[in-house]
Trainee: 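For reference, the structure I am asking about is given below.
Quick note: residue numbers are just sequence positions, from 1.
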Amino acid sequence: MLINSLLKPEIKKWFIKSAESELYASNLYKHIANQLQRLGFFGAQKYYLKESAEELVHYQKLVDFVNDMADVLPVPAVPAMADRVTSIEDALNISYETELDLMKQYQQFYNEAEEKYKDCVTATFLIEFLQIQRKSVGEYGDFISRFQNNKTDVFEFDEYLSEA
């Protein structure tokens, strides 16, 4: 017996968008890591490679949830990254904006799941992602503040990121 999807089509669209966003973030952080390696910031490179891997974990959680709901997420194509990152400060600002956009996306997804579609199962699942994004936004905000307080010793900050 084939079980029909337990997800409303509108909810599945949100999951597809979220999966694309998580894979985009993973590739973006790999790109940033490569750019920072080129600049000699090996601690930041290490940090961003770890961040890239973490985004793949988030992607897989979305895939697993959709599977539990008797459906499958397509694997999206992710655009190539070509922009040059010229400093750690660039990387931090790009990352902060990326995580903030993800947090806003999950907030909207949660609100629609809960209020518009009355899907408490999906809304409950999304709470973890809201907390992940809150923490990420806060972490990048802290990194930006820390970096701005001592721009003269960028290699000290690079070492700090390697241990973060």
Side-chain angles (χ1 to χ4, degrees), residues 1-38 43-85 90-144 161-164:
M1 174 173 116
L2 184 62
I3 299 172
N4 292 328
S5 177
L6 301 174
L7 295 173
K8 292 179 176 139
E10 300 85 1
I11 295 290
K12 185 172 179 186
K13 285 179 187 175
W14 270 107
F15 275 106
I16 292 169
K17 181 179 180 179
S18 297
E20 289 172 351
S21 296
E22 294 293 348
L23 287 180
Y24 176 84
S26 177
N27 281 3
L28 174 65
Y29 294 151
K30 283 181 200 166
H31 174 71
I32 290 172
N34 293 347
Q35 295 289 307
L36 293 171
Q37 178 185 27
R38 177 182 56 80
Q45 174 199 15
K46 177 182 172 185
Y47 175 79
Y48 276 99
L49 288 174
K50 183 181 76 166
E51 285 293 290
S52 174
E54 190 62 32
E55 298 300 336
L56 291 177
V57 170
H58 302 163
Y59 166 79
Q60 192 59 49
K61 286 181 180 189
L62 295 169
V63 168
D64 292 344
F65 179 84
V66 171
N67 180 70
D68 290 345
M69 300 300 285
D71 213 325
V72 176
L73 278 179
V75 178
V78 179
M81 311 279 167
D83 296 337
R84 288 181 73 97
V85 174
D90 280 352
L92 294 174
N93 288 326
I94 291 167
S95 304
Y96 177 82
E97 290 299 323
T98 299
E99 296 298 328
L100 183 60
D101 287 346
L102 270 169
M103 185 174 77
K104 289 176 182 177
Q105 180 179 314
Y106 282 118
Q107 285 174 319
Q108 186 177 359
F109 186 5
Y110 174 87
N111 286 336
E112 285 196 22
E114 181 73 19
E115 295 169 15
K116 186 174 180 180
Y117 298 108
K118 308 296 184 207
D119 184 346
C120 63
V121 173
T122 297
T124 302
F125 169 76
L126 292 171
I127 290 171
E128 176 184 4
F129 283 80
L130 291 167
Q131 296 303 322
I132 288 168
Q133 292 314 128
R134 174 198 49 82
K135 184 177 177 191
S136 291
V137 168
E139 182 177 55
Y140 279 111
D142 291 346
F143 286 161
I144 290 168
L161 277 182
S162 76
E163 298 166 9

Trainee: Among residues at least two apart in sequence or on other chains, which ones pass side chain to side chain contact (heavy atoms under 4.5 Å, CB included) with Leu49?
Mentor: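 Listed in chain order: Ala33, Gln45.
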
Trainee: Output the distance between atom OG (Ser136) and atom CD (Glu51), rounded to the nearest 0.5 Å.
Mentor: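 So the gap between those two atoms works out to 6.0 Å.
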
Trainee: Do you know the tightest heavy-atom contact between Leu28 and Thr98?
Mentor: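 Taking every non-hydrogen atom into account, CD2-OG1, 3.3 Å.
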
Trainee: Measure the OG-CD1 distance between Ser95 and Ile144 for me, rounded to the nearest 0.5 Å.
Mentor: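 Here the interatomic distance stands at 8.0 Å.
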
Trainee: Kindly give the heavy-atom pair with the smallest separation between Pro76 and Glu20, and that separation in Å.
Mentor: CB-CG, 3.3 Å

Trainee: For Ala164, enumerate each residue passing the side chain to side chain contact (heavy atoms under 4.5 Å, CB included) test, keeping only those at least two apart in sequence or located in another chain.
Mentor: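 By the side chain to side chain contact (heavy atoms under 4.5 Å, CB included) rule, Ala164 matches Tyr47, Phe143.
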
Trainee: As an exercise, state the distance from CG of Leu73 to CG of Leu62, rounded to the nearest 0.5 Å.
Mentor: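 The CG atom of Leu73 sits 7.0 Å away from the CG atom of Leu62.
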
Trainee: With Ser26, which residues qualify under side-chain hydrogen bond (donor to acceptor under 3.5 Å, both in side chains), at least two apart?
Mentor: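 Testing Ser26 for side-chain hydrogen bond (donor to acceptor under 3.5 Å, both in side chains), a comparison that skips the adjacent residues, returns Ser52.
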
Trainee: Can you check whether Arg84 reaches Arg38 side chain to side chain, under 4.5 Å on heavy atoms?
Mentor: yes

Trainee: Taking salt bridge (Lys or Arg N to Asp or Glu O under 4.0 Å) as the cut-off, I'd like each qualifying pair that reaches into residues 99-109, sequence neighbours left out, listed once.
Mentor: none

Trainee: What residues, two or more places apart in sequence or in another chain, satisfy side-chain hydrogen bond (donor to acceptor under 3.5 Å, both in side chains) together with Asn27?
Mentor: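 Per chain and number, Asn27 pairs via side-chain hydrogen bond (donor to acceptor under 3.5 Å, both in side chains) with no residue.
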
Trainee: Does the side chain of Phe129 reach to within under 4.5 Å of the side chain of Glu22, using non-hydrogen atoms?
Mentor: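 The answer is yes, as the side chains (C-beta and beyond) meet within the 4.5 Å cut-off.
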
Trainee: Which residues pass the side-chain hydrogen bond (donor to acceptor under 3.5 Å, both in side chains) test with Gln131, sequence neighbours left out?
Mentor: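 Gln131 satisfies side-chain hydrogen bond (donor to acceptor under 3.5 Å, both in side chains) with Arg134 once adjacent residues are dropped.
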
Trainee: Residues in ring-ring contact (aromatic ring centres under 6.0 Å, His included) with Phe109, at least two apart?
Mentor: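 Residues passing ring-ring contact (aromatic ring centres under 6.0 Å, His included) with Phe109: Trp14, Phe15.
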
Trainee: Run the side chain to side chain contact (heavy atoms under 4.5 Å, CB included) test against Lys116 and tell me which residues pass, sequence neighbours left out.
Mentor: Glu112

Trainee: Look up atom OG1 in Thr122 and atom CD in Glu114, then write down how far apart they are to the nearest 0.5 Å.
Mentor: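 The distance works out to 10.0 Å.
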
Trainee: What pairs meet the side chain to side chain donor-acceptor pair (under 3.5 Å) rule with one or both residues in residues 62-75, with sequence neighbours excluded?
Mentor: Ser5-Asp71, Lys12-Asp71, Gln60-Asp64

Trainee: Is atom NZ of Lys8 surrounded by more than 12 heavy atoms (other residues, nucleotides or ligands) closer than 6.0 Å?
Mentor: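 For Lys8, atom NZ is crowded (more than 12 foreign heavy atoms under 6.0 Å).
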
Trainee: Closest heavy-atom contact between Leu102 and Ala25?
Mentor: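 Closest heavy-atom pair between Leu102 and Ala25: CD1-CB, 4.3 Å.
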
Trainee: For Lys50, does the NZ atom have more than 12 heavy-atom neighbours from other residues, nucleotides or ligands under 6.0 Å away?
Mentor: yes

Trainee: Which pair of heavy atoms, one from Ser162 and one from Gly43, lies closest together, and at what distance?
Mentor: CB-CA, 3.3 Å

Trainee: Which residues pass the side chain to side chain contact (heavy atoms under 4.5 Å, CB included) test with Val72, not counting sequence neighbours?
Mentor: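 Counting only residues at least two positions away or on another chain, Val72 forms no side chain to side chain contact (heavy atoms under 4.5 Å, CB included).
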
Trainee: Does anything in residues 16-35 form a ring-ring contact (aromatic ring centres under 6.0 Å, His included)? List the pairs, not counting sequence neighbours.
Mentor: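 Only Tyr29-Tyr48 qualify under ring-ring contact (aromatic ring centres under 6.0 Å, His included).
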
Trainee: side-chain hydrogen bond (donor to acceptor under 3.5 Å, both in side chains) with Lys30: which residues, sequence neighbours excluded?
Mentor: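 Applying side-chain hydrogen bond (donor to acceptor under 3.5 Å, both in side chains) to Lys30 gives none.
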
